Asker: 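Just passing along the structure, written as structure tokens.
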Amino acid sequence: MIKNGNPVQPMIKVENLSKWFGKHKVLNNINITVVPGEVVVIIGSSGSGKSTLLRCINFLEKPQKGTINIDGTEINCKSKNLHLVRRDVGMVFQHFNLFPHMTVMNNVIEGLTQVKKMNRQEALEVGRKMLDKVGMQEKADTYPSMISGGQKQRVAIARALAMNPKIMLFDEPTSALDPELVGDVLLVMKKLAADGMTMIVVTHEMGFAREVADRIIYMDEGRIVERGSAEDIYNNPQNERTKEFLSRIL
Amino acid sequence: MEWDFSVFPKYFSSFLPYAWMTLQVTFFGILIGVGLGLLFALLRISKYKVLNYPSKLYIWVIRGTPLLLQLLFLYFGLVNVIKLDKLPAAFVALGIHNGAYIAEIFRGAIQSVDIGQREAGISLGMTSFKVMQRIILPQAFKRSVPPLSNQFIIALKDSSLASAISVPELLLHARQLGSSNYKLMEMLTIAAIYYLIMTTMLTILANKIEKRLKVSDSRTGV
């Protein structure tokens, strides 16, 4: 890996990853390397395995084969202490998954007080910073049921960021949102990318992908069919399936 | 049948200590029941067979046999194994009985919490135990309130079966008084009034708790 002329230790290295649901092979020998600060966008039609791949990276799904290396720590399907690795990997879900019985602020600091054992005062300090970052400080004391989908997703991003992760994973973060709410969430994600966060994003937002992605990966039937810069993929797709997919969504 | 209203004021207050006993049997029955219920609900959803099989067996046996039988079994049947006084026997029998139903209430509530909640918790680096304690159970308890209050009302009425092992509670008192003063219908009516007052208060209390819990709850659950 060379970045700016220097060898760089990869932040994420996925090697020979395969996963079956029953007899159905959903991931077929996946290899990806992501360097620190890189933004990788995974595209593909539904059922292509892109969400499953993302969920395998923090072991929400257990792959049957292969290894994942996160910032030098190798994990596989038999690893213990997965919860220690997961602290460093922030995850943002399509359906937000905020904790409905906690206020916005308590959602954000839950990981800090319960997992990192930070005292409440310090945690609140971090929590305010994170909510400020996503423009949600005013809603700190409301419950998730009282805010819009876009706001929920921004809180969910703040919750993941509060853990100070090395990597952020986004699983179709805007797919469940009303169109007019998508922009705010994408804006937060763009800022995050500009701040140098290592990100893997599964999305259908092609404009976002073009603007922010260092690399785009196109998946089909559990395989990586094509990868390259946004320009390469959009303007000059090599694979027939990629061409067909892009012609349908662009 | 003649109704003798004059006996009402005369006997009404004599029921009070027996109503108190009914409340005690109910309270301890529920207390033990909630403890057992939570324990067996957690065992029941375990992926390990050594844990969930005993739980299945417990629920199957207790829900499949009558409470009256369980009471008699515990009090008379196990005399050579453990000798329980009638009061502890009533507490324990009612507790074990309610535990089976409450276990199913908790299990249903735990399993109704969206899988995404668990995923969000473990993504923050929580252990499964932490997720259960901080994320799943608080939401599950909230959802358990309506079926639980229903179960508590059943428990209150079921406490009358403790009269079969001569625990001095409302129904026993009504029957004993009735057979000595030949005013059984009137005595049963007084007991019924006591039961109604207690179940009504329990219902009102449950509604209040439900309302209070709704404040933070969402319609969508997200």
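The shown structure was predicted, so the numbers you read here are calculated from the model rather than taken from an experiment. Letters go in sequence order (proteins before strands), and every chain restarts at 1. Note that these values count all heavy atoms, side chains included, but never hydrogens, waters or copies made by symmetry.
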Asker: R86(A) versus I122(B): any side-chain heavy-atom pair under 4.5 Å?
Answerer: yes
Asker: Side chain of H83(A), backbone of S128(B): donor and acceptor closer than 3.5 Å?
Answerer: no
Asker: Determine whether a donor-acceptor pair (N or O, by modelled atom type, separation under 3.5 Å) exists between the side chain of N97(A) and the backbone of Q117(B).
Answerer: no
Asker: Near E180(A) CD, under 6.0 Å, is it more than 12 heavy atoms from other residues, nucleotides or ligands?
Answerer: yes
Asker: So how far is it from F99(A) CZ to I136(B) CD1, rounded to the nearest 0.5 Å?
Answerer: 8.5 Å
Asker: What do you reckon, is NZ of K62(A) surrounded by more than 12 foreign heavy atoms closer than 6.0 Å?
Answerer: no
Asker: How far apart are the closest heavy atoms of M102(A) and R134(B), and which atoms are they?
Answerer: CE-O, 3.8 Å
Asker: Atom CZ of residue position R128(A) - does it have more than 12 heavy atoms of other residues, nucleotides or ligands inside 6.0 Å?
Answerer: yes
Asker: Heavy-atom count check: over 12 atoms from other residues, nucleotides or ligands less than 6.0 Å from F27(B) CZ?
Answerer: no
Asker: In Å and rounded to the nearest 0.5 Å, what is the CG to OG1 distance from L84(A) to T127(B)?
Answerer: 10.0 Å
Asker: Distance check, rounded to the nearest 0.5 Å: R87(A) atom CZ versus S123(B) atom OG?
Answerer: 14.0 Å
Asker: Could you tell me whether K83(B) atom NZ has more than 12 heavy atoms of other residues or ligands within 6.0 Å of it?
Answerer: yes
Asker: Tell me if the CZ atom of F12(B) is crowded by more than 12 foreign heavy atoms within 6.0 Å.
Answerer: yes
Asker: What parts of residues 161-178 of chain A touch chain B if we use heavy atoms and a cut-off under 4.5 Å?
Answerer: M163(A)
Asker: Is the backbone N or O of F93(A) less than 3.5 Å from a side-chain atom of E119(B), with the two atoms forming a donor-acceptor pair by type?
Answerer: no
Asker: Please step through side-chain contact (heavy atoms from CB on, under 4.5 Å) for the pair I135(B) and E110(A), ending with a clear verdict.
Answerer: CA-CA 10 Å; I135(B) 312 297; E110(A) 178 70 8; 4.3 Å; yes
Asker: Do D114(B) and H95(A) touch side chain to side chain, with heavy atoms closer than 4.5 Å?
Answerer: no
Asker: For atom NZ of K117(A), decide whether the heavy atoms of other residues, nucleotides or ligands shown that lie under 6.0 angstrom number more than 12.
Answerer: yes
Asker: Can you tell me which portion of R55(A) sits under 4.5 Å from chain B's heavy atoms? Options are side chain, backbone, both or neither.
Answerer: side chain
Asker: What's the spacing between R118(B) CZ and L60(A) CG if we round to 0.5 Å?
Answerer: 9.0 Å
Asker: Do other residues, nucleotides or ligands put more than 12 heavy atoms under 6.0 Å from K65(A) NZ?
Answerer: no
Asker: Chain B heavy atoms under 4.5 Å from V89(A): which part of the residue, side chain, backbone, both or neither?
Answerer: backbone
